[in-house]
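We name chains A, B, ... by the order of the sequence lines, and we start the count at 1 in each one.
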Amino acid sequence: MLEVRDLTVTIGTEDGAFEAVSEVSLSLAPGEILGLVGESGCGKSITSLAAMGLLPPQARVSRGGVFLDGEEITRLPPHRRLGQGSGRIAMIFQEPMTSLNPVMRVGEQIVEAIRVRETVSEREARARAVELLDMVRIPDPARRIDNYPHEMSGGMRQRAMIAIALACRPSVLIADEPTTALDVTVQTQILGLIRDLCDSLLVAVLYITHDLGTVAALADRVCVMYRGRIVERAPVADLFRNPTHPYTVGLMACLPRIGERPETLETIPGSAPPLGPRVSGCGFAPRCERARPDCRDDPLPWFDTGRDHVALCRYPMVEREP
Amino acid sequence: MLTYLAKRLAALLPTLLIASFIVFIFIHLIPGDPIYVLLGDQATPEQVEALRREMGLDQPILVQYALWLGRVVQGDFGTSIFFDAPVLSVILDGAETSVLLASITMVWIVVFGVPIGIISATRQGTWVDQFFSGGAMFFASVPTFWLGLYLILVFAAGLGWMPSSGYPSIFEEGGLANLRYLVLPSLALAAPNAALIVRLTRASMLDVAREDYVRTALAKGISPNRVVLKHVFRNALLAVVSAFGFTFVALVSEAVVTETVFSLPGIGRLVVQSILRRDYPVIQGVMLVIVMLYLCINLLVDLAYRWLDPRVRLT
């Protein structure tokens, strides 16, 4: 399925070229949801755009690559990927309000996505668009298909976005914070929808978010990113039971718990650094309470807990007694 | 849609009323007296008084306005002081030239402005873009009369491809071939406006290209060229269409210069000459026609907007 190997993305800025993503590797299996978690600017969105072939012009993949069913597609933009057989990647974006063309009917936008890949008549495509809207649980799809985006609510638009993504019968779906802009109740519905589609269509989902709560509810496995690197990778239950990288531990401590009313909300000291020259050793060391001088030395070792759970850390938080 | 149109048309009336009042008052504020223009310096005070009374110019200005408005409503724009002919026929004489000049100019603006803007935007930063953007900057800055004179110098006087001045009606001898008299004037008039449309189209295309829905379209696997036409251009057009209203205003004012440079018997020249002659009825008539045209063009722009942008249809 989708495999990202040692992906390194360089972004050119006025102050020079910096690595926004460094040696990121991840892989997805059918019917699996992989959560990619991190703060804003950690490189998770760049990773997803690179996988999609939609990097902005000032960014480029300098090392590593993206593979779909064993075939390298790193440098192919989406319209050059049409011939890739069953290997189809679709993406849904963060802002349902601005991700749909305001002057086209929703139906047209779905039909367009269908007809890019399949030679079907306008009528067949339209019938399929109605099916897709029904599949994403939009009520009265035969009527809604002629709506313009501004005639729909935020949640409805995000469903329409998912319908567009499903139009190409994807094997991989990348979701970049698709619920961030939505009400909490709508969020839950969209998350449920993504889970169901993943299970029924056996789509592999790369779910990008900064929200650990969403990950806990949705994902099968999790990758935690910090400063362009994956720092921890684990099955979701084990990650929450035994967070191993100090950064992950810090993130979890920041989650307020229902029923407790702490004096102050927990934070990680310092702030996530902006894009800049690569530092040697661990990127989190400046904010890490456990850091020692040798944390600045390359290369960092992967600490393996032996439960399919690894962390990029020299002094990991070792498992507490059960 | 029809109720909207009816509402908009009804809203034109008060605007026209206010505009006509302002036009009337302002024209009478210009120093100078049409009576002396007509009778010359040697006229006796009695002659002047008599003519003034005959033309109704001795009445208070508000009374003059009311009388004039009453006649205009009935379709009577008065009689030209200078030509001693109905104002309407004086305007219609110049209308053929001006309408044809404006139409051909608009064709140039659309044919050159919009596609060059699109090409510039899609090749942003390349030498093609720099060439067209530089050219647009040049033509936007060049005064119409200068460009007109150079066009005459090169294409009429030098190469002899086009006539240099005047315009015989297409209904006279020569027929449609007489349109060649309007080629150079329309190019001179189109250049600065087309240049603005180039810049606006380019800027608007680049703006839209950054929108999330363009990324969505690319993610679908649609080829970039098709995305530009179907998604970017359609949305960028909204800004360009609204600019056509302003372009019309620019055409009216610049046509005065162009018609003078090319000696065209159009409305622009008529206005200038009528102001010099203090031919009040003609100036008032022309101004009213221009205001009406302007309101109609703006209405058309709004209608086009509603057609292009479904979000506007709600209001």
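If you measure heavy-atom distances from A:I92 to chain B, you find no contacts under 4.5 Å at all. For A:A113, the parts sitting under 4.5 Å from any heavy atom of chain B are the backbone and the side chain alike. Neither the backbone nor the side chain of A:M97 comes within contact range of chain B; no heavy atom of the residue lies under 4.5 Å from a heavy atom of that chain. For a residue to count as touching a neighbouring chain, one of its non-hydrogen atoms must lie under 4.5 Å from one of that chain's; by this rule A:V116 touches chain B with the side chain only.
A 4.5 Å side-chain heavy-atom check between B:K220 and A:P78 finds every atom pair outside the cut-off. Residues A:V103 and B:L308 have side chains not in contact (no heavy-atom distance under 4.5 Å, counting atoms from C-beta outward). Proximity of A:P77 to B:L218: side-chain heavy atoms (C-beta onward) are nowhere separated by under 4.5 Å.
Rounded to the nearest 0.5 Å, atoms CZ (A:F93) and CG (B:D212) are 8.0 Å apart. Interatomic distance, CG of A:N101 versus CZ of B:R234, reported as 7.5 Å (0.5 Å rounding). Interatomic distance, B:I222 CD1 to A:R117 CZ, rounded to the nearest 0.5 Å: 10.5 Å. In this structure, A:M91 CE and B:R215 CZ are separated by 6.0 Å, a value rounded to the nearest 0.5 Å.
Of all the heavy atoms in A:H79 and B:G221, the pair that sits closest is CB-O, 3.1 Å. When all heavy atoms are compared, the tightest approach of A:M52 to B:A219 is CE-O, 3.6 Å. Across every non-hydrogen atom of B:Y213 and A:L100, the tightest pair is CB-C, 3.4 Å.
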Begin with the C-alpha distance, continue with both residues' side-chain angles, and end with the deciding distance and a verdict on side chain to side chain donor-acceptor pair (under 3.5 Å) for A:Q109 and B:H231.
-> CA-CA 10 Å; A:Q109 302 191 43; B:H231 293 268; 5.6 Å; no
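Open room surrounds CZ on B:R226; 12 or fewer heavy atoms of other groups in view lie less than 6.0 Å from it. Counting heavy-atom neighbours within 6.0 Å of B:W307 CH2, excluding the residue itself, gives a total of 12 or less.
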